[in-house]
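Counting starts at 1 for both ligands and their atoms, following the listed order. Bear in mind the structure is a predicted one, so any value in this text is a computation, not a measurement.
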Amino acid sequence: MEKTPSETSSVNLPAPFFPPSLAQQNPPRILPPQFKFPSLPQESAQSTVDTQDIGSADGWIPRDPRLVRLTGKHPFNAEAKLRDLYGAGFFTPSNLFYVRNHGAVPLVDQDRADKWELSIHGLCAKPTTLTLKDLRTKFQVVTIPVTLVCAGNRRKEQNIVQQSLGFNWGAGGLSTALFTGVYLSEVLEHVHPTKPAKHVIFEGSDKLPNGPYGTSQLLSWARDKGKAMLLSWAMNGLPLEPDHGFPLRLVVPGQIGGRSVKWLRRIEISVMESQHHLHFHDNKVLPMPIGPERARAEKDWWYDPRYIIRELSPNSAIARPDHNEVLDPSEMPPDATYQLKGYAYAGGGRRVSRVEISWDDGDSWNIAKITYPEDLFRDVAYSDSVYGRLDLTESDLCFCWCFWTFDMSIDTLRGSDAVMVRCMDESLALQPCDMYWNATGMMNNWWFRVRICQIGDGKLQFEHPTMAGRQEGGWMQRLKDDGLDPSKPKFSVRQQSGIDPIAKGMEQAPDVIMTKPNVKRKLRMEDLTTAEAKAKAWFVVRGEVYNGSGYFKEHPGGAEAIMLVAGEDATEDFMAIHSSDAKKKLAEFHIGTLVDPYKMVPQVNNSNDDSQEFLNPRVWKKVVVSSIECLQGNAKRIRFALPNPEQPLGLPIGQHIYLRLRTKAKNSNDLEGELIQRTYTPMIERDARGFMELLVRIYRPTSKSPLGGRMTMEIDKLSVGDEVEVKGPTGNFTWKGQGMAVLHGKEYQINEVGMICAGTGITPVIQALRGIFSDPLSNDVRVWVLDVNRSVDDILCREELDQFALEHSSRLCLHHTLTGTPPKGWRYSTGRATDEMIKRHMPIPGAGKMICIGGPLAMKESVTTSMVNMGWDSSVIV
Ligand code: MTE
């Protein structure tokens, strides 16, 4: 409950603190008076441990599931979605506060916190050891608002241009809190630094492969009270959470978050800067020409003091419109405006002095309105026993983010292709137009651009540059997929400056080789379960087996992150998180290849030799449209001829291909020749040669789906004789025949398979049915199909399905459901796939059973959740 200042001043601080998330679910909190200050956020202490953390060293920490994980299961690195972060207001609740952990969180319980000691030693007259109680009682307790920003904030944009050494931060790698503690400068005065001391080194107590996390500050800066560095134990009036350094951390306002050492144990005053591994090998912006490979090979770059990052540089982002937000101007009055909103910050206590908006690719700029909630603390001093002195009345420094708004006329919005923001600080440092790509992927602060798409019926849809972590979406990836250069967007002239690697005769970057040429050992999945394999943490990436223990010591995420994937196919996590450099490094630990004929990559061979299968996962190959059949429900069956009519396609059942084509102009204003690509599952027949067939539903713009399907609309324009390119196979599921399936590299003997599909998700089902029913050695396999469509006309391949059901009535249970109005006499179900329907028309869970789901992501997710609730093991749902 909120208290008045006089009441709060009599409150005694419970000592020492214990993280509220562990102690209780709804921690009581004393708020500073609300009449002047920005409100404290609604904290929601978490009580459950996420399943992803169970079994990891952090398996005791409850975390908010809304945080977007950036580095797989462990260590924990996460940010809130921009919408949630911005929506939470000026202060970020600790459950949504971004987290950057290099390893496991030290487990500190009440007892350890009671005995926590901070040792301060080195070049000083009075080396000392202080407990938390000493800190609170011997020095003035103070509270200040501070925004912490990870140096990697917005890195995903850089990674799309070229993978850096770091993982994919979105624009939510920053958070703000009221930090309570004591000024470092006062503690330093207490110990009396002596000459020739130059640096103050801070060390955390986390156990990392190359020693504890540590970094340093220049002594002159650390002694400067104006820089306001704090030894802090509380955030927003509550003890620090385990993820944020409980029980004690350093908080360095105005500098990158990497300098704010958590779980602080040791301070050393020294003539030298910190010698900690991560002080040198992290938080650097190396010169642009030094790519990840050189950075790794040529160590000197990391030790060059010129490349250290200390203070933040000016940066800003647009939070409203949100990614994918749709605006319907027809519902607004003619003179209506739309309010763009976002955040901005600068470093070193400098104030953001202007925020500017452009809607013509930066040809002209317009001034946005800035609010600085931090200023509310400057008018009045406040003090109580929780916050100590909260007094910014004499400070002119800005250590927090500010917010900006800009009212834009709907007409202007409608007429533009993108809106973008940049800010300037009071030293006149300005966010640049161009990205400064660098090997560590840090300090990205080029203009933040949001694309505006006209999506039919006059509606507008907005697209952010990227989405954090593994979330898909954003105009940068789309430009890249289309063969354009995402670092040179020109929206107002529709990407005219995009570099098309093919048109320019440039070669595409070769795939990184992750294997050793002399490794010939063949391994089976069961070899990964032996004692040796377990001890050495063997794991699989793209069908190749690696000895994880070889990298235990060096792995930046610690040995634990590798142990967690021991015996598993780690392809997805590994490929999503690691730089090309790390991928290359993996080759050192290559010990063999999984025996799986479908996963073995065929030799690259462009000669189209008849004896080889046509598809090659590394080489794009041309196929020619040979026939087009228009089907009901806006679908087309398109047959493509392979160059050699006798050549098999080489697509294992269950796998997909990539298909890419060059766009055709609709009218003379349209640009022609952009490359776009998607994955498809061709419907193949056993022993078919010389062709492949695709079944594609054409998504044209409608009022419900105003964008239409960009790829399918291009496919719609194809005529007989046109060429497209294909590459493959790809996918983590293969039906091998004889009742054997391989999922994520693991073999399963299957006797019942359930398939739930929607729309064109039927194509892999047809492919599987053809494979299963034409294989005399799969005679024991029972199949269940539940096909979801809107109307009867939308059911694709119905004749073939019915034929299968008739011929194999003892083995195939086929069921349909329609989400729209069913025709008279409809004998199947109506509505979406419900739990009841799934129970009736799918096998019951058990050994030798598997479920395949084909259709939109939302359906896949909801069906998977239902099936897991029904007792299915998620590892056999594909
Ligand atoms: N301190 C320790 N001991 N270990 C760490 O991994 N990460 C640093 C810094 N302090 C780190 C640390 C980095 S890179 C950042 S950005 C901030 O902590 C993040 O602080 P937060 O997780 O509380 O947001």
Legend entry - Option of least heavy-atom distance to atom 24 (O) of ligand 1 (set: Phe202, Tyr98, Tyr213): Tyr98

Inset, instruction - With heavy atoms of Gly258 as the reference, note each atom of ligand 1 found under 4.0 Å away. - result: 8 (C), 13 (C), 14 (S), 15 (C), 16 (S)

Legend entry - Axial cation check for Trp116 ring with Arg265, 6.0 Å and 45° limits: yes

Legend entry - Ligand-side contact atoms (ligand 1) for residue partner Val261, heavy atom cut-off under 4.0 Å: 1 (N), 10 (N)

Legend entry - Backbone N/O of Asn444 and side chain of Asn315: donor-acceptor pair under 3.5 Å: yes

Inset, instruction - Among Trp401, Phe403, Tyr343, find the one that has a ring-ring contact (aromatic ring centres under 6.0 Å, His included) with Tyr86. - result: Phe403

Inset, instruction - Report, in ascending order of atom number, the atoms of ligand 1 lying under 4.0 Å from any heavy atom of Cys150. - result: 16 (S)

Legend entry - Donor-acceptor under 3.5 Å (Trp233 side chain, Leu248 main chain): no

Legend entry - Minimum-distance protein heavy atom relative to atom 17 (C) of ligand 1: Gly257 O, 3.3 Å

Inset, instruction - Report yes if Asp206 has an N/O atom closer than 3.5 Å to an N/O atom of ligand 1; otherwise report no. - result: yes

Legend entry - His244-ligand 1 polar pair, N/O distance under 3.5 Å: yes

Legend entry - Arg249, portion touching ligand 1 at heavy-atom distance under 4.0 Å: side chain

Inset, instruction - Without swapping roles, check the side chain of Lys156 against the backbone of Met467 for a donor-acceptor pair under 3.5 Å. - result: yes

Inset, instruction - List the closest protein heavy-atom neighbour of atom 1 (N) of ligand 1: residue, atom name, distance to the nearest 0.1 Å. - result: Lys262 N, 2.9 Å

Inset, instruction - Using a 4.0 Å heavy-atom cut-off, say whether Ser260 meets ligand 1 through its side chain, its backbone, both or neither. - result: backbone

Inset, instruction - Using distance alone, with no hydrogens and no angle criterion, decide if Asp58 and Ser56 have a side-chain donor and acceptor under 3.5 Å apart. - result: no

Legend entry - Those atoms of ligand 1 less than 4.0 Å from some heavy atom in Phe97: 24 (O)

Inset, instruction - Closest by any non-hydrogen atom to atom 11 (C) of ligand 1: pick that one out of Glu241, Met235, Arg100. - result: Arg100

Inset, instruction - Taking the six-membered ring for Trp and the single ring otherwise, decide whether the centroids of His281 and Tyr303 are under 6.0 Å apart. - result: yes

Inset, instruction - Give a yes or no answer on whether the side chain of Tyr345 reaches the backbone of Leu148 with a donor-acceptor pair at less than 3.5 Å. - result: no

Legend entry - Where ligand 1 meets Asn101 - atom numbers and elements under 4.0 angstrom, heavy-atom basis: 6 (O)

Inset, instruction - Show your working on side-chain contact (heavy atoms from CB on, under 4.5 Å) between Ile256 and Met443 and close with a plain yes or no. - result: CA-CA 9 Å; Ile256 54 159; Met443 305 299 270; 3.8 Å; yes

Inset, instruction - Before signing off on this row, confirm whether Asp282 and ligand 1 have an N or O atom pair separated by under 3.5 Å. - result: no

